[in-house]
Amino acid sequence: MSALNKLKIEISEAIKKLTQQKIDPESLTISSTRKEFIGDYTLLVFPLIRHFGKKPEEVGQLIGEELKSNSEIVNDFNTIKGFLNLSFSPQYWTNTLQDIQSTPDFGRGKAKDKKVMVEFSSPNTNKPLHLGHIRNILLGWSVSKIMDAAGYEVITTQVVNDRGIAICKSMLAWKKWGDGITPENSNRKGDFLVGDFYVKFNTEFNNEYAKWQKTKTAQTIFINQNKYENENDFFADYKNDYFNDYSKLGKEAREMLLKWENKDPKTMELWKKMNNWVLTGFDETYKELGVSFTKSYFESKTYILGRKIVEEGLKNNVFYTEKDGSVWADLTDVNMDKKIVLRSDGTSLYITQDIGTAELRYKDFKTEKMIYVVGDEQEYHFKVLFEIIKRLNRPYADDMYHLSYGMVELPTGKMKSREGKVVDADDLIKEMAMEAKTNAEEKGIIDDSNDEERDEIYRKIGMAALKFFILKVNPKRRMIFNPEESVDLQGQTGPYIQNAYVRVKSILRKSEGTYDLNGYFNYIDCNSHEKSLITTLSEFPYTIQQAASEYEPSLIANYVYDLAKKYHKYYSDIRILGTDKQDARNFRIALSHTVAQTLKKGMDLLGIQMPERM
RNA sequence: GGUCCCGUAGCUCAGCUGGAUAGAGCAACUGACUUCUAAUCAGUAGGUCACAGGUUCGAAUCCUGUCGGGAUCACCA
């Protein structure tokens, strides 16, 4: 990039010389020249013609001649219509490669002296992590890596929803039908075991509900409403009311929640036990995914937070009290509704909790920037939350962002964990590694390593396929995930990029001791592949900054793919080691080496590891 | 109904602040491994960028409207 900036300044100086007009170098549009034309970079002259009062081609000609005689970088040019194609001096390319190669942390932004918190995952403790969580976790982790590379200090957090009616359902079912089963005595992973009972509860509840629907009470209720004509439609919609008003199981679950809130010792004991099963299970899954958290927050400890801030806000007229004692924020002046922040009985809500958690995190880490990775169904919630925090005048209020992403659906429709209709994260991870293995065995590759090493490689390949598949698309898009078909190992995929890296590693192994990574500085014979690779390499820092400012891992994914693609092409077109000229050989190896390093760094930003061979 | 997101090749997706003939991958068909790893490369075919207007020298990109898909609008989380 620095060379491009230099070029822009040279151009603006040339324009000044020719027209006496000052032009902001940043306003110039320069892009790499399309391969159909001769040149390396292209300046768009259309926006400049008004300063000259001449035709685009004449303007291009004038600027081109000026650059050719005075610029350090440009040594030739041609104009086509309003496009000024500039060719760079041979030395430019070796210099640029040398710059990149000699910068160990190439790509990293300057330290920004600002802490950013990324919250992601945030699971419930009543069931295992599934495909939906995977998208959330991968996005969150990648964004945190990107922020880090862009120069922020990053804190990763999750808020574990370990309380409420859902976990009580699992607890109740375990008590009723569990017969003392544990992860240890059943050899079932803890989060799955608890999830089994969540499903069990719902199955039993549905049975109970189905029976009840035939009773006189139920039929009377159905007849007395006039919204639904169809009985099934009505009862589908009435489920929640049934749970709260008539269900025996519902009543038991609510009683359990009440006991929990009153800290009944036996209930607390069971709750702690089952939560631990789940959390231990989650940790394993996180480890498999390669993610970790600076700190985990638990709702059981934070759900009362925020009330104090609400009281403070009441004094400052951010909120007002209704007649029944409930507390509200009136956001109608910014086109939002009124929002309740404290119930009439004084208890807090989801939003109250979020206000409190944000404050707690600020106290813990002094994070002035907060990113919440949460599904797009909560967009309105976060809009409201951010507005309220702004009105409360918190120090972190100005830099809060909801990274919202679309739902992951199966070909059969939405996932429903209550019905057990999900793709579990663990299963998916295993399947991916299996597929990588099958694929490799069919091809008969990876021979010179032992079983353990091989399994590790398959795991890396499988995870790369999965992670890349999810991260390469814009988060806002909904995605339909077909477990059988979605994740390829060929083409625009994680393994494709790993393969480019592995090819370089293989070359380096084969040629060890026969090259000098610094022995090419006078080499001036770059071909078009090499120029294109160097250009792409030099865009890495810019891509990171852009990905950070847009919270967009897909930009990195596309960048890395582009670089790998160019390298594969280069590799098949030119034999890296097939030259006797020492400086050419050094140059090609150094270039390959730098590409490999950049691929590795880029993939790391996606949370993807590189194997040394595959 | 209000607000927000999405709509680009049969399928999955790129397309940066408007710029040259809209690009990849998968699937289909052709070719290339005695030569640095073929999880690769080269090629053929596949497009009314949902639709209609507008702004501009120039629009997939910006604006308005329409259509289609989704989300959301709780004293649930």
Side-chain angles (χ1 to χ4, degrees), chain A residues 26-27 29 31 33-34 36-37 42 44-47 49 56 80-83 85 122 124 161 163-166 240 299 303 322 324-328 335-337 339-345 347-351 353-354 375-381 383-384 404-407 409 436 439-440 442-443 445-446 461 465 469 472-474 476-480 482 485-486 488-500 502-511 539 542-543 546 550 554-555 557-558 561-562 565 567-578 588-589 592 613-614:
Chain A
E26 282 307 302
S27 70
T29 313
S31 52
T33 304
R34 297 181 68 116
E36 313 84 271
F37 303 98
T42 297
L44 221 53
V45 298
F46 293 104
I49 51 175
I80 297 167
K81 290 190 242 170
F83 300 90
N85 300 322
S122 305
N124 295 344
N161 181 7
R163 59 178 275 274
I165 196 77
N240 253 335
E299 283 197 13
Y303 78 109
E322 274 291 344
D324 62 3
S326 56
V327 180
W328 296 72
N335 267 333
M336 287 182 250
D337 272 331
K339 178 74 190 176
I340 182 159
V341 293
L342 275 185
R343 291 195 187 94
S344 47
D345 64 6
T347 54
S348 51
L349 296 102
Y350 182 40
I351 191 134
Q353 198 183 123
D354 271 357
D376 61 6
E377 70 275 10
Q378 296 203 34
E379 257 164 30
Y380 182 69
H381 169 78
K383 232 177 124 184
V384 169
S404 101
Y405 61 90
M407 184 103 56
E409 287 178 26
N439 196 281
E442 269 172 26
K443 299 199 152 114
I445 38 187
I446 323 181
I461 295 172
F469 176 81
K472 75 174 180 188
V473 319
N474 179 334
K476 289 202 170 79
R477 272 179 189 263
R478 285 190 306 144
M479 62 195 279
I480 293 170
N482 186 333
E485 291 170 14
S486 277
D488 281 319
L489 300 168
Q490 262 96 31
Q492 191 183 26
T493 65
Y496 175 93
I497 297 153
Q498 291 178 319
N499 187 227
V502 164
R503 282 179 147 180
V504 174
K505 287 289 155 177
S506 175
I507 287 173
L508 293 176
R509 279 195 299 270
K510 286 257 157 71
S511 61
E539 283 162 0
Y542 171 74
T543 306
Q546 204 187 1
E550 290 173 27
S554 68
L555 294 178
N558 289 321
Y561 173 68
D562 185 48
K565 188 175 170 60
Y567 189 78
H568 277 307
K569 203 170 258 186
Y570 177 53
Y571 182 92
S572 67
D573 198 56
I574 278 196
R575 297 197 56 76
I576 312 282
L577 302 176
R588 291 175 190 175
I589 294 175
S592 299
R613 58 186 83 219
M614 63 195 280

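Quick note on labels: first sequence line is chain A, next is B, and so on, each numbered from 1.
Closest contact between the side chain of A:Phe46 and the listed nucleotides B:A71, B:C36, B:C57 involves B:C57. Set against B:C41, B:U37, B:C75, the side chain of A:Arg613 has B:U37 as its closest nucleotide. Distance from the side chain of A:Lys569 is smallest for B:A42 among the nucleotides B:U72, B:A42, B:C75. Among B:C36, B:A14, B:C16, the nucleotide with an atom closest to any side-chain atom of A:Asn558 is B:A14. The side chain of A:Leu555 sits closest to B:G15 out of B:U40, B:U21, B:G15. Taking every side-chain heavy atom of A:Asp324 into account, B:C75 is the closest of B:C75, B:U12, B:U37. Checking B:A20, B:G19, B:C26 against the side-chain heavy atoms of A:Thr42 singles out B:A20 as nearest. Distances were taken from every side-chain heavy atom of A:Val473 (C-beta onward) to each of B:C13, B:U40, B:C36; the shortest belongs to B:C13. The listed nucleotides are B:C36, B:A77, B:A14; the one nearest the side chain of A:Asn474 is B:A14. Ranking B:C36, B:A14, B:A39 by closeness to the A:Leu577 side chain, first place goes to B:C36.
Residue A:Lys565 has no polar side-chain atom (N or O) positioned under 4.0 Å from OP1 or OP2 of B:A24. In this structure, A:Tyr496 reaches the B:C41 phosphate: one of its side-chain N or O atoms is under 4.0 Å from OP1 or OP2. Contact annotation: A:Arg477 does not reach the phosphate of B:G70 (side-chain N/O to OP1 or OP2, under 4.0 Å). Side-chain nitrogen and oxygen atoms of A:Lys339 include none within less than 4.0 Å of the OP1 or OP2 phosphate oxygen of B:A74. When the side-chain nitrogen and oxygen atoms of A:Arg343 are compared with OP1 and OP2 of B:C76, one or more of them lie within a distance under 4.0 Å. The shortest distance between the side-chain N/O atoms of A:Arg34 and the OP1/OP2 oxygens of B:G19 is not below 4.0 Å.
Counting distance only, with no hydrogens placed and no angle test, the side-chain atoms of A:Ser506 and the base atoms of B:C36 include no donor-acceptor pair under 3.5 Å. Counting distance only, with no hydrogens placed and no angle test, the side-chain atoms of A:Asn85 and the base atoms of B:A20 include a donor-acceptor pair under 3.5 Å. A:Ser404 contributes no side-chain N or O that forms a donor-acceptor pair with the base of B:A71 under 3.5 Å.
The minimum heavy-atom distance linking A:Trp328 with A:Val341 is given by the pair N-CG2, 4.3 Å.
Across all strands shown, A:Asp573 has no heavy atoms under 4.0 Å from either base or sugar-phosphate atoms. Using a 4.0 Å heavy-atom cutoff across all strands shown, A:Gln498 reaches no nucleic acid atom at all. When heavy atoms are screened at a 4.0 angstrom cut-off, A:Tyr380 is found touching the sugar-phosphate backbone but no base atom. A:Ser511 comes within contact range of no nucleotide atom at all, as no heavy-atom separation falls under 4.0 Å. Looking at heavy-atom distances under 4.0 Å, A:Asn335 makes no contact with the nucleic acid at all.
Nearest-nucleotide assignment on RNA chain B puts the 5′-proximal partner with A:Met479, out of A:Asn124 and A:Met479. Mapping A:His568 and A:Gln378 onto RNA chain B by nearest heavy atom places A:His568 at the nucleotide closer to the 5' end.
For the pair A:Phe83 and B:A20, the ring geometry qualifies as stacking, because the centroid separation is below 5.5 Å while the planes lie within an angle under 30°. Ring-base stacking between A:Tyr561 and B:A24 is not satisfied when judged by a centre separation under 5.5 Å and a plane angle under 30°.
Within 6.0 Å of the CG atom in A:Asp345, the count of heavy atoms belonging to other residues, nucleotides or ligands exceeds 12. For A:Asp324, the CG atom sits in a packed shell: over 12 heavy atoms of surrounding residues, nucleotides or ligands are nearer than 6.0 Å.
Results of the side-chain hydrogen bond (donor to acceptor under 3.5 Å, both in side chains) test with A:Ser404 over A:Glu379, A:Gln378, A:Lys476, A:Glu377 single out A:Glu379 as the only residue that passes.
Using the six-membered ring where Trp is involved, A:His381 and A:Tyr350 have ring planes that are parallel, under 30° apart on the 30 and 60° scheme.
A cation-pi arrangement is present between A:Arg163 and A:Tyr303, with the terminal nitrogen or guanidinium carbon under 6.0 Å from the aromatic centre and inside a 45° cone about the axis.
Base orientation of B:C33: syn (glycosidic angle within 90° of 0).
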